[in-house]
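Written below as structure tokens is the structure these notes are about.
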Amino acid sequence: DAGVIQSPRHEVTEMGQEVTLRCKPISGHDYLFWYRQTMMRGLELLIYFNNNVPIDDSGMPEDRFSAKMPNASFSTLKIQPSEPRDSAVYFCASSTTLVSPYEQYFGPGTRLTVT
Amino acid sequence: GQNIDQPTEMTATEGAIVQINCTYQTSGFNGLFWYQQHAGEAPTFLSYNVLDGLEEKGRFSSFLSRSKGYSYLLLKELQMKDSASYLCGNLRGQNFVFGPGTRLSVLP
């Protein structure tokens, strides 16, 4: 079975540019999560969806960040404009209520560098 | 992580048993989970507890005391491949919160 798919795996961009990260959850999973991980702040939840509806976006840093889930098999996280402090590894994860929302399957992550 | 405390680093010997503690703020608590993360990789799920007591899963066990805001992850028969970070987290309200992680080094 294919796991969570994220693209791109690496992104290097200049400050001020728009960045779009993409995620395809595991088929049949009804929860989708976006996390950010840095050495300083650890693993932080940005936003999560249940059945394509945003449930909690309290972790979204500011208006520069936005996330969408237009259908059950695709989500995007957009940063516009990007800043150097956005440099981090961004993980997407999915889970299913048939098992537990705690049991999340993480994608390989997107390593974002903003110069 | 918000109000979740774990030791920063631990060292143990191959074949031994190690206990990684986690304390958290009890308000709004809805469940506790543990993840393993090898360096440069994504986290992988280990366990979750919603009720008090010990949950055993092979070499790994997780314990929860809701009244004390305390959990631990017990790793038995340590192997070199268990060298990783172990993240404690909980569901508070509708927010999934992870602790800072404990980096475990298993020595031969």
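All chains are named by letter (A, B, ...) in the order of the sequence lines, taking the proteins before the strands, and each is independently numbered beginning at 1.
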Legend entry - Heavy-atom proximity to chain B below 4.5 Å, by part of A/E44: neither
Legend entry - Side chain proximity check, A/Q80 to A/R64, heavy atoms < 4.5 angstrom: no
Legend entry - Transitive ILVMFWY side-chain link B/L32 to B/L75, under 4.5 Å: yes
Legend entry - Under 4.5 Å from a heavy atom of chain B, the part of A/Y102 involved: both
Inset, instruction - Consider only side-chain heavy atoms of I, L, V, M, F, W and Y, link residues closer than 4.5 Å, and tell whether A/V114 and A/Y90 are in one cluster. - result: yes
Legend entry - Members of residues 36-53 of chain B whose heavy atoms come closer than 4.5 Å to chain A: B/Q37, B/E41, B/A42, B/P43, B/F45, B/Y48, B/V50
Inset, instruction - Answer yes if the ring centres of A/F91 and A/F33 are under 6.0 angstrom apart, and no otherwise. - result: no
Inset, instruction - Compute whether any side-chain donor of one residue and acceptor of the other, for A/Y35 and A/Q104, lie under 3.5 angstrom apart. - result: yes
Legend entry - Contacts of type salt bridge (charged side-chain N to carboxylate O under 4.0 Å, His left out), residue A/R22, not counting sequence neighbours: none
Legend entry - Heavy-atom contact with chain A under 4.5 Å, split by part of B/F96: both
Inset, instruction - Check whether the side chains of B/N3 and B/Y24 place a donor and an acceptor atom closer than 3.5 Å, and report yes or no. - result: no
Legend entry - Ring centers of B/Y35, B/Y86 separated by less than 6.0 Å: no
Inset, instruction - Using non-hydrogen atoms and a 4.5 Å limit, figure out which bit of A/Y105 sits close to chain B: side chain, backbone, both or neither. - result: neither
